[in-house]
Amino acid sequence: MSHNSDNNLVRLNRVSRAIVILLGFVGLLMAINQTFSLSLFGFAPLGNAFLYYLIGIFLASALLCYPAREADRHCLPWYDWGLAATALGCATYLGLNGLRMMQEGWEFFAPTEATAIASIMVLLVLEGVRRCGGWAIFAVALVFGLYPIYAGYMPGFLWSNPFTLGETIRSHVMGVESIVGVPMQVVANLIIGFVVFGIALTITGGGKFFMDFATALMGKSRGGPAKVAVISSAFMGSLSGSAVSNILTTGAITIPAMKRSGYSKEYAAAVEACSSTGGTLMPPIMGAVAFIMASFLGVSYSEVMIAALLPAILFYMALILQVDNYAARNGLKGMPADEIPKVWQTLKAGWLYLLSLALLIYMLLVMRLESYAPYYATLVLLGISLFRRQQQLNIQKTLDFFFQLAKSIGNLVAVLAGIGLVVGGLSYTGVAGSFSRELLLYAGGSIPLMLAAGAITSFVLGMGMTVSACYIFLSILLAPALVSAGLNPMGSHLFILYWGMLSYITPPVALAAITAAGVAGANNTKTSLHAVRLGGILFVLPFLFVLNPALILQGEPLRVVISSITALVAIWLVAAAMEGYLYRVGIIGRFARVFFLLPAGLLIYPGWVSDLIGFGLLVSYYAVHYVIQRTRHPVAKEIATLKRADEA
């Protein structure tokens, strides 16, 4: 998301908002027409023409919604209207000439006016990525977009035959590997449908349902509000794919509830930041990056979804266990009974959301209808909501739906078109392949060295880029080298995604942590440090599943089951060590906490021998600490037992 995306509402008046809504409606209609091959009004554009039209519509939306500078936050200057109109005009010209472009090879030789319009399009794309992605992505897009021009002056493997300015511009706009390359094709063919489903779910009250459902499940347990935050953010984050927007919506409810129950404001903000960040990794939707990953790997989206499931569960289990241990250590209670809805009543009111989600997952996993599934699931959701007064779509909700659609897709299109320049610059010069080969050569075949280099690179790039942008960049440069070194392809791509995402909770950027701190009124640095501790498993998980594909549910079923069990036990031990509390034992000291990390490490490491030694150490350590605790505090234990019996 853009750093200023939450401020774009104030700059649009009734007329400009109506224009954005109209753009959203036309863009969605065009996407449905293309996906289902409806040929409405005889309109059936070629693939490249369709992409140009979509870019024009949603880039214009982005230029209207997202300000060029801070001073424009509260108004819509005349030049933004001009830029939006120009984007529509240029894209329309390119779309109308889509067939000629292919037949006459405009990528290499094009009419003068076509090259001029392509030049304007490149400038508009750069402005769009600057507004929606920030200066860092703009700089990367500019440097790598212009790379073919100065590639002839570069040393060693970075050298390539140089392009002229005209050739570079034509390749970017009229070629098939840049602005209208894989990222934009994925947006047009897959992502729009899933964004439609996510917005429809939210507009009809899905956000409230998932919050109530999480509260009904976890509200009564110790530290209940924190567990509610984790579960509700996992639900909503998986649908929105945006950590920041998730914090600003669910966090506004969960953070005050956590503070009231006794969590410090920094800890509460950190819990929400980590929970919302993990939504990018949580099936079924996972945000735009999962669809792009499926296209790069040449697999179905359902395969990416299945591979991402266990790591996401492990991450959220670690969060749940840590907030539970924190609550136990500090004597925090659950929520008051009058604030907790009944599970059955919650399900009765919101079963349509679970039904539509189940239908979506069934169509993805069983029927393999990836392009159609979100539209059908949305149709079912809206169809049922017509008969339920609270969830019905009225005129205002419908207008909000198209506005949110135009804004969300506009942001994606602006960023991914800009990243398309990077992809094109590296592809046309052939430097991407050379970089991978050189990386393999320099690493000398050392997999740990390559993984360490990959982790650092992903993390640093993630500081200035969106997760999607960081992933696309490194999937071209770094992933081929990891795969060539013999690592699992799916694991390698997920490795890059996880490490790119870590910057959301890690200083100095920590965008998710700082956003949550703002909601909580907490200190940014303290919140970020708490978030690093809570999300610590994210630093380890990528190394685990890239070295042990069983953790991404690939390989022999028995190995997958054993790896899953040992990973869950290890996560439990890590959570106990992090928070200093062990189930049925109680508070443990710092020395003991370090001891429990040893069996956790052995259980995490793939292999039968390490698993057996890890379990042996765990049993012996646990038995010793249990006996010590019982003999050291027998009276306290008796009182606690009697108290539990009275409560029961």
Side-chain angles (χ1 to χ4, degrees), residues 1-2 4-5 7-35 38 40-41 43 45 49-68 72 75-96 117 120-121 124-125 127-129 131-133 179-180 184 187-189 191-200 202-203 245 288 374-375 378 393 395-418:
M1 291 293 290
S2 166
N4 53 22
S5 60
N7 298 316
N8 58 11
L9 290 172
V10 293
R11 81 191 220 108
L12 299 178
N13 59 26
R14 189 173 295 177
V15 174
S16 52
R17 184 181 168 88
I19 296 292
V20 172
I21 289 168
L22 179 62
L23 289 170
F25 173 75
V26 173
L28 176 57
L29 192 64
M30 194 175 290
I32 291 171
N33 179 61
Q34 196 77 2
T35 301
L38 300 177
L40 293 171
F41 311 110
F43 183 69
F50 167 59
L51 293 175
Y52 290 128
Y53 293 139
L54 272 190
I55 290 171
I57 288 167
F58 289 111
L59 185 56
S61 300
L63 292 167
L64 291 174
C65 286
Y66 297 90
D72 294 341
C75 64
L76 188 64
W78 63 268
Y79 51 80
D80 279 351
W81 285 109
L83 290 174
T86 306
L88 278 170
C90 291
T92 303
Y93 172 86
L94 292 166
L96 290 173
I117 285 171
I120 296 169
M121 199 70 195
L124 288 169
V125 164
E127 174 59 8
V129 78
R131 292 190 187 197
C132 296
I179 289 174
V180 292
M184 198 55 62
V187 170
N189 299 327
I191 294 174
I192 290 178
F194 284 89
V195 172
V196 165
F197 177 72
I199 294 172
T202 306
I203 291 283
S245 64
Y375 292 109
T378 303
L393 273 183
I395 292 173
Q396 187 56 51
K397 283 183 179 178
T398 305
L399 294 176
D400 283 346
F401 170 83
F402 287 114
F403 179 77
Q404 292 296 332
L405 178 73
K407 190 179 71 153
S408 300
I409 302 294
N411 186 289
L412 263 177
V413 164
V415 171
L416 294 182

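The OG atom of Ser408 sits 12.0 Å away from atom CD1 of Ile191, with the distance rounded to the nearest 0.5 Å. One distance of note links CD1 of Ile117 with SG of Cys90; it measures 5.5 Å at 0.5 Å rounding. With rounding to the nearest 0.5 Å, the separation of CG in Asp72 from CG in Leu76 is 8.5 Å. Interatomic distance, Phe50 CZ to Asn33 CG, rounded to the nearest 0.5 Å: 8.5 Å. One distance of note links CG of Leu22 with CD1 of Ile57; it measures 9.0 Å at 0.5 Å rounding. Going from atom CG of Leu399 over to atom CZ of Phe25 covers 11.5 Å, rounded to the nearest 0.5 Å.
A pairwise comparison of heavy atoms in Val187 and Leu416 identifies CG2-CD1, 3.4 Å as the closest pair. For Leu88 against Ala60, the heavy-atom pair with the smallest separation is CG-CB, 3.9 Å. Scanning all heavy atoms of the two residues, the minimum distance from Leu51 to Met184 falls at CD2-O, 3.8 Å. Heavy atoms only, all atoms of each residue included: Cys132 and Ala414 are closest at SG-CB, 3.8 Å. Nearest heavy atom pair, residue Ala68 against residue Glu127, reads CB-OE2, 3.8 Å. Taking each heavy atom of Phe401 and Ala200 in turn, the nearest pair found is CE1-N, 3.9 Å.
A 4.5 Å side-chain heavy-atom check between Ile409 and Val195 finds at least one atom pair inside the cut-off. Within the 4.5 Å cutoff, the side chain of Met121 has no heavy atoms near those of the Tyr52 side chain. Annotation: side chain of Ser16 is not in contact with side chain of Leu64 (no heavy-atom distance under 4.5 Å). Residues Tyr53 and Leu96 meet the side-chain proximity criterion, which asks for heavy atoms closer than 4.5 Å. Residues Asn189 and Gln34 form no side-chain contact, since every pair of their non-hydrogen atoms from C-beta on lies 4.5 Å or further apart. With contacts defined as side-chain heavy-atom distances shorter than 4.5 Å, the pair Lys407/Cys65 qualifies. A heavy-atom distance below 4.5 Å is found between the side chains of Arg131 and Leu83. Leu23 places none of its side-chain heavy atoms less than 4.5 Å from the side chain of Phe58.
Heavy atoms from other residues, nucleotides or ligands lying under 6.0 Å from OH of Tyr93 number more than 12.
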Intermediate values then yes/no, salt bridge (Lys or Arg N to Asp or Glu O under 4.0 Å), Arg17 and Asp400: CA-CA 10 Å; Arg17 184 181 168 88; Asp400 283 346; 2.7 Å; yes
Leu54 and Ile192: CA distance, side-chain angles, deciding distance, side-chain contact (heavy atoms from CB on, under 4.5 Å) verdict: CA-CA 11 Å; Leu54 272 190; Ile192 290 178; 3.8 Å; yes
side-chain contact (heavy atoms from CB on, under 4.5 Å) assessment of Ile19 paired with Trp81: CA-CA 11 Å; Ile19 296 292; Trp81 285 109; 4.0 Å; yes
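The salt bridge (Lys or Arg N to Asp or Glu O under 4.0 Å) pairs that include a residue from residues 23-34 number zero, where partners must be two or more places apart or lie in different chains.
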